[in-house]
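We use all heavy atoms of the structure for the numbers below, so side chains are in, but hydrogens, waters and symmetry mates are not.
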Amino acid sequence: MSEAQDLRKRSKKRYGGGHRSKKYKGSRELEVGMQGILITCNMNERKCTAEAFNLLNEYADQLYGPENFKEPEESSSEEEEDEDAEAALKKEVKQLKASSGKRERRFQAMDSGANNVIFIKTKNLDPDKLVHHILSDLHITKKNKSRVILRMLPVSGTCKAFQEDMDKFLSVFLEPWFKAPNQGSYQIAFKARNSSHNKRDDIIKALAGLVGKMNPKNKVDLTTPELTIIVEVIKSVCCVSVVRDYTLYRKYNLQEVAKEEGPKDRKQEEVTTNQEEIKSNPEEKDGKREEIKSNQEENDGKQGDVKSNQEEKDGKREEIKSNQEEKDGKQEEGKDAPKTDKEGNGDEEEKK
């Protein structure tokens, strides 16, 4: 073996050359048109994939029932003997294709194209509904069922990660949530991985303009939005979904949502619940506003009556004061009159 070949072998061994290609050999990559779930992890993709399959199957069984497989029907041996070799070969190929289609699992791991991120392709189920069900259960039970999974984001639609393609796709995709008469408060959660041509501010600005055109009543709310538009770009694929309770469920982080809540978290949840109740009953809200307004006017009227009564009372006080002064003046005059009489009597006595 030459020295150069030996050096190449050592460098491959040392720096892990060819490891990624061997790891993903035969696996499919995330492509446009797929639906599924993006899952982030902490440096252990193999264990993350195993945990994801266990967790997804557990909750999918609750929502959709256990997964069933149908074996392809086998033809009788007599029919096979009667057919010629060419027809038998065609039939076998057809059966293999049919069996591969029937055996396709509802969850399949794909190469996402980014480190510490796996993509689970879903079939015959709603990824948004499934992920929300998982987070809702973890939020209520506070039972942590994963060690390496961090965030679990549903992917309801995918398109090419170029501005023109995204505008065209999202103008149709977002209609069920934001096109009139539908409306809601929203925020945009954008993240790009291994993609340099997508700038965060440009994407968010274009997306907000698109939502505003669908219905001017759609308003941005960065504190407690009703809906969150998740946009995850990996290489040349844009993954999109519209989710609820994004803030309540800690940005769909499985580790955080399973933690015990503090006083601040409970207060935030109460605020969110109250806002949802108010938003879900606009007529009741308007009625309450009218009632508050009428009560305010009634209070203002009562305050006016109190003020006029106070002025009337003050006037009576002034009148009583003036009468008192007049009475005091008369009393003074009365005191002076007897004194002069006494003086007059004294003079008469002197004369006598």
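Q187 places no side-chain N or O within 3.5 Å of a backbone atom of T228 that could act as its donor or acceptor partner. No side-chain donor-acceptor contact under 3.5 Å links R46 to the backbone of N44. For the pair N218 (side chain) and G212 (backbone), a donor-acceptor distance under 3.5 Å is absent. With H197 contributing its side chain and A161 its backbone, the two residues share a donor-acceptor pair below 3.5 Å. With hydrogens and angles disregarded, no donor-acceptor distance shorter than 3.5 Å links the side chain of E232 to the backbone of L38. A donor-acceptor distance shorter than 3.5 angstrom exists from the side chain of N215 to the backbone of N182, with no hydrogens or angles considered. In this structure, S112 contributes its side chain and F119 its backbone to no donor-acceptor pair below 3.5 Å. Side-chain atoms of S185 come within 3.5 Å of backbone atoms of E226 as a donor-acceptor pair (strictly under, hydrogens ignored). Judged purely by atom type and a 3.5 angstrom limit, E45 uses its side chain to pair as donor or acceptor with the backbone of N116. Using a distance-only test at 3.5 Å, with no hydrogens or angles considered, a donor-acceptor pair links the side chain of Q255 to the main chain of S146.
Across all their heavy atoms, N194 and G113 have their closest contact at ND2-O, 2.7 Å. Among all heavy-atom pairs drawn from K160 and D165, the shortest one is O-CB, 3.6 Å. Closest approach of P127 and G36 over heavy atoms only: CB-O, 3.4 Å.
Cluster annotation: V148 and Y59 are assigned to distinct hydrophobic clusters (Ile/Leu/Val/Met/Phe/Trp/Tyr, side-chain heavy-atom contacts under 4.5 Å, transitive). In the hydrophobic clustering of ILVMFWY residues, with side-chain heavy atoms under 4.5 Å counting as a link, L248 and L153 come out together. Follow the hydrophobic side-chain contacts under 4.5 Å out from I118 and you never reach L150; the two are in separate clusters.
The side-chain heavy atoms of I120 and L56, taken from C-beta on, include a pair separated by under 4.5 Å. Contact of the P154 side chain with the L130 side chain is not registered, since no non-hydrogen atoms from C-beta on lie closer than 4.5 Å. Counting heavy atoms from C-beta on, the side chains of I134 and L138 come closer than 4.5 Å. Taking 4.5 Å as the limit, every side-chain heavy atom of T49 sits out of range of all side-chain heavy atoms of C41. Residues E31 and T158 are not in side-chain contact: their nearest non-hydrogen atoms beyond the backbone lie 4.5 Å or more apart. Residues S241 and D128 have side chains not in contact (no heavy-atom distance under 4.5 Å, counting atoms from C-beta outward). D111 places none of its side-chain heavy atoms less than 4.5 Å from the side chain of R28. In this structure the side chain of F162 never reaches within 4.5 angstrom of the side chain of E164, judged on heavy atoms.
We find that R105 and E67 are joined by a salt bridge, their nearest charged nitrogen and carboxylate oxygen being less than 4.0 Å apart. The pair K145-E58 counts as a salt bridge, with a side-chain nitrogen and a carboxylate oxygen less than 4.0 angstrom apart.
Atoms SG and CE, from C48 and M43 in turn, are 12.5 Å apart once rounded to the nearest 0.5 Å. Annotation: the span from S171 atom OG to K179 atom NZ amounts to 9.5 Å, rounded to 0.5 Å. The NZ atom of K205 sits 12.5 Å away from the NZ atom of K199 when rounded to the nearest 0.5 Å. Between atom CD1 of residue I37 and atom OG1 of residue T122 there is a gap of 6.0 Å, rounded to the nearest 0.5 Å. Within the model, atoms NZ of K142 and CD of E260 stand 6.5 Å from one another, a figure rounded to the nearest 0.5 Å. Between atom CD1 of residue I140 and atom CG of residue L135 there is a gap of 11.0 Å, rounded to the nearest 0.5 Å.
Taking Ile, Leu, Val, Met, Phe, Trp and Tyr as members and joining any whose side-chain heavy atoms lie under 4.5 Å apart, directly or through other members, the hydrophobic cluster of L210 also contains M166, F169, L170, F173, L174, W177, F178, Y186, I188, F190, I203, I204, L207, V211, M214, V220, L222, L227, I229, V231, V233, V240, V242.
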**Request:** Dump the intermediate steps for side chain to side chain contact (heavy atoms under 4.5 Å, CB included) on I230 and V243, then the final yes or no.
**Result:** CA-CA 8 Å; I230 298 176; V243 300; 3.8 Å; yes
**Asked** Would R250 and D245 satisfy salt bridge (charged side-chain N to carboxylate O under 4.0 Å, His left out), going step by step from the backbone distance to the final call?
**Response** CA-CA 8 Å; R250 305 292 185 273; D245 302 318; over 6 Å; no
**Prompt:** Can you list the steps and then say if N42 with R147 is a side chain to side chain contact (heavy atoms under 4.5 Å, CB included)?
**Reply:** CA-CA 9 Å; N42 51 3; R147 290 187 177 183; over 6 Å; no
**Request:** Apply the test side chain to side chain contact (heavy atoms under 4.5 Å, CB included) to residues H132 and Y249: give CA-CA distance (whole Å), side-chain angles for both, the deciding distance (0.1 Å), then the verdict.
**Result:** CA-CA 9 Å; H132 191 276; Y249 293 157; 3.7 Å; yes
**Message:** Pair E51, I39 - check side chain to side chain contact (heavy atoms under 4.5 Å, CB included), show working.
**Reply:** CA-CA 11 Å; E51 278 190 0; I39 301 172; over 6 Å; no
